[in-house]
Structures are given as C-alpha cells and as structure tokens.
Amino acid sequence: MTNYDVVVVGAGNAALCAAIAAKEKGAQVLVLERGSVEKRGGNSFFTDGAIRVAYNNLDNIRKLIPEITDKEAEKIVMPEYNYSDFYNDLMRVTEAKSDPILADLLISKSYETISWMADLGIKFELNENQSFEQDGKLHFWGGLPLKTHNKGVGLIQKLFYKAEEIGIEIWYDSRATELMTDNDHITGVLVEKKDKVTMVNSSSVILACGSFEANKKMRSENLGEEWEKAIVRGTEFNTGDGIKMALAVGAQKYGQWSGCHSIGTDYNAPKVGDFNKPGDIYKKSSFPLGLMINRNGNRFVDEGADFRNYTYAKYGREVLKQPDNTAFQVFDAKVRPLLRKEYNLEEATYYKADSLEELAQLISVDKDGLLKTIMEYNAAVQEGEYNPTIKDGKGTVGITPPKTNWALRLDQAPYYAYPLTCGITFAFGGLHVNQEGKVLNQGGEPISGLYAAGEMVGGIFYHNYPGGSGLMSGAVFGKLAGTSAAQFSKETLKFHKA
C-alpha cells in the first residue's frame, strides 16, 4: 500500500493543473496516467490549443504574450471581450441551460487562471485562425484570440515539465478502477498497473480522466446508436472510467448526458486519435465560407448561422445524420485561398474539378440534386458587402436552410470538395460538482474527499459549445479542485493528529 495526500486520476490539462495546484499548497501528489509515456496527455494532447478567456482588452493579452511589441500592437484590431461577452456567448449557444454557478466560476476565474498558467511557464500566442488581414492590420473576431504555443502538444509538454520539476510523482500504464471508501469518506483508489492491483491510500482523489467518448457502449446508450460510428478525435483511453467509479460511490449525474461536442472531420481521419499526428489536423472548420452537401446533393445546415467557433461543435452531429454518415464541404476558386491551414495539409482529403458535373461524379453525389441545390442557392444569394471578419448579413432569401452570412455564389472553377464524417470530442454529461470542485452525491451533498475536473464536470455545456471553452474549463476547475483537495487533506491530517 502507498500513501499520498492527493491522487489525481488522469494526466491531461485539467488533471495536471489540479496536480500542480495541489502540490503548490504543500500536498504530496500522485498522478495516474492510463496511457504510456508515449500516449500521455489525454484529449488535451490533440487540441489545436485555442483557449477562451475573458481578457477584456489587448493590453491584458499582451501581459500573456509579452513578445508583442508596441509596433505590432498598433497593427492589431482586437475587440474587447469581457465577462459579460463570454457569459452571453455561453448562454446563447447552450440555450441558457448552462448552470449559472458553474458558468460564473468558469468565466470569473478564467483570466486569473490563465495568468497562473503563464507563470507556470506555459507559452501563449495569437490565434491566427481567428483573424483576417485587412488594410495592413490584423483583425481578430469571435472572442478567441489566444492559443497555446505548439497547440496541445506544447501545453502538455510544459505542464508535465512543471509537474516533474516540482516533484509530482507520475505513474504510467496505470488504470484507476475503483474508489475505496470508509463511512462515506474517500480513503483511496485501486490501480491496475502491469497486471497487478495496487491499493493507493489517500484522503483526496481528483477525477480528471475525461468523459466516455471512446466507449462505444456508453456512446450508444447515452447519445444514440448512430454514435457507435463516430470517429474518436482524441485519446482512446477516455472510456468513462472515472464517471463509473464516481457513480459507484453515489455521485450524482449532471448535465446533458444525451449531448456531446462533435465536429465534421476528415472522412479518412484515424478511428481514434493518433499520438504521432497531434494538433487537431483533421478538422475542417472553414465551412462558413462554402456549402455543406450530403450524398443526395442537398444542403442540411445554415453554414453562415454564426462564426464557426459557435456552430462547429453542433454541426458534427448533423453530419452523422446524413446518408452514410458523410457530407462534403464544397468551395469554389473565389474562397479557396481563404480556407484555414488544415485544408493545405497533406492529410487533407479533397477532390478538385473544373465543373460541378465532374465534381459530382468524383464524390459520388447525386448529380441532379447537387446541380439543382447550387442553382437555387446561387439564385438566392443577395447582394451586399462580403466580409468574413464580421457577421456581414450577406445571406440568401427563399431557400431552406438559408445561409445567413458570408453567402457568395458558387460559380468560379475550379471547384473543391472535402469529404467529412463525424468526430466526437467529449460528452457533455458528467458529474455534479460544487464551487469547490467537490463531487456531490444524490442528495446534493459533497462526497468527502472526492473532486472532479475537466470533461467530467457536467452542467456547463448543453447542445453546443463556444470554441476554446474546454481547455479553459479544464484549467479553471482543475486548479480549483487541486487547491480544494490539498486543503481538505491538510485538514484531515490535522484532525487525525489531534
């Protein structure tokens, strides 16, 4: 048997923030990583690194990225993004379902948490995917100007470096299987490690090992049978272990268990995340600039309903609903130069043709349906100024679904089609935690010594998701849980000594 003050189950962004915060408060900390050293870091390893924060203004961004010179700052146009902006975005996309207490915690603690991360040595940079160059200036939009250097890989590298530097012990190939309790108090966790079961004693356990997105059975039971066919965008190890362990000791389910974050991803993306190709390279997020077409040649969403970071997380499930769970993003020569960097990668699957008839043949889409859809769409496009940096109102009239913004006629060869399927990122359903990160039981009371962070926190995201909120939520609730768990362990130790 082994003794620690705090055991953290998981080793992604939320888990490592929890471990570091607990260690900073003087706790002896153990991190359990189910994967090997080569497959460490959870879903955070695969993220593009965009992180949403209530930053208020460019001056606060420059505190996080001190490399931005005065001369460079003069060429940056960055709208303010404050607490209310973040809160309103979250409530708008979740249809006002987000738990206001948890939402307030996430947003009010976002800037101080990201400043703490910067102090840990995590490097941030401007998110070029959320900007356009116009009149010699870099215009940012969508409240998401910040990303971690070298995407999720860089984030995880820095967090592990810090954890190891300050003496946090990390066990790899170690799967937590069961929480141990005594009189409703957490006393430790059982760990499978190299075919042996080890009992780790601890008065505090923080569960931060993801949701159930890599578990086909749990996806089918909670999201629907069609979700068995979804690609898993991140780690293969997020199979709901932490959730199942918590429920077994009486934890309360919380949030939208029938909902998840999913996106349209390259049709030929790996079935589970490939640790040799991280960085969210298979996503296809320039759909607002083109059309989304299914095998019947029909459109099925309003591509221009909002900026992509407010719609991409719900459009993945719309792709899953289409015939063969497949769709195509279609662009013409006018907008092809505006597409995001991922469209230029060698991993990107695409078809190119000099006519729409030829394109339909290449992608095995109903030709008559495609031609009719594009003819009707082109006729419905209204005149107006096209501006991808704002919701320009340049839309369509008289077709369903409409295209509300960024509607340009699709009429200039060559034409491009990018095949998609649905990739699941994480499930929205999780556990109920309070303002200290403590997991609540069926009666709404804290389970003594049990905490949760990251994807395991239910009640924040419903139906949809503001891009970049997941990393921020993981860091905020990870730091919160780590601080609380260390304090609880200290108080428990004092009690036993007394």
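Residues take their numbers from the sequence shown, with the count starting at 1.
For the residue pair R34 and T235, no side-chain donor N or O sits within less than 3.5 Å of a side-chain acceptor on the partner. A donor-acceptor pair shorter than 3.5 Å cannot be found between the side chains of Y282 and N268. Residues T311 and D306 have side chains that never bring a donor and an acceptor to within less than 3.5 angstrom of each other. Side chain to side chain, Y315 and R308 fail the donor-acceptor criterion of an N or O pair below 3.5 Å. Counting only N and O atoms by type, the side chains of Y81 and D89 include a donor and acceptor under 3.5 Å apart. When only modelled atom types and interatomic distance are considered, T425 and R233 share a side-chain donor-acceptor pair under 3.5 Å.
Closest of all the heavy-atom pairs between R52 and Y310 is NH1-OH, 3.2 Å.
A salt bridge is absent between E342 and K151: the closest approach of a Lys/Arg side-chain nitrogen to an acidic carboxylate oxygen does not fall below 4.0 angstrom. Using a 4.0 Å cut-off between a side-chain N of Lys or Arg and a carboxylate O of Asp or Glu, K194 and D173 do not qualify as a salt bridge.
A cation-pi arrangement is absent between K314 and Y465 under the rule of less than 6.0 angstrom and at most 45 degrees off the ring axis.
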- Check the pair K162, D119 against salt bridge (Lys or Arg N to Asp or Glu O under 4.0 Å), reporting the backbone distance first and the verdict last. CA-CA 10 Å; K162 186 65 178 182; D119 290 341; over 6 Å; no
- Task: Starting from the C-alpha separation in whole Å, work towards a yes-or-no answer on salt bridge (Lys or Arg N to Asp or Glu O under 4.0 Å) for K271 and E236.
- Result: CA-CA 9 Å; K271 298 302 181 188; E236 65 208 78; over 6 Å; no
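With W257 as the fixed residue, the ring-ring contact (aromatic ring centres under 6.0 Å, His included) test singles out one of F428, F461, Y462, F212: F212.
The local environment of NZ in K193 is crowded, with over 12 non-hydrogen atoms from other residues, nucleotides or ligands closer than 6.0 Å. Around the CD atom of E67, the shell of radius 6.0 Å holds more than 12 heavy atoms that belong to other residues, nucleotides or ligands. K158 NZ: 12 or fewer foreign heavy atoms inside a 6.0 Å radius.
The ring of F132 has its center no closer than 6.0 angstrom to the ring center of H139.
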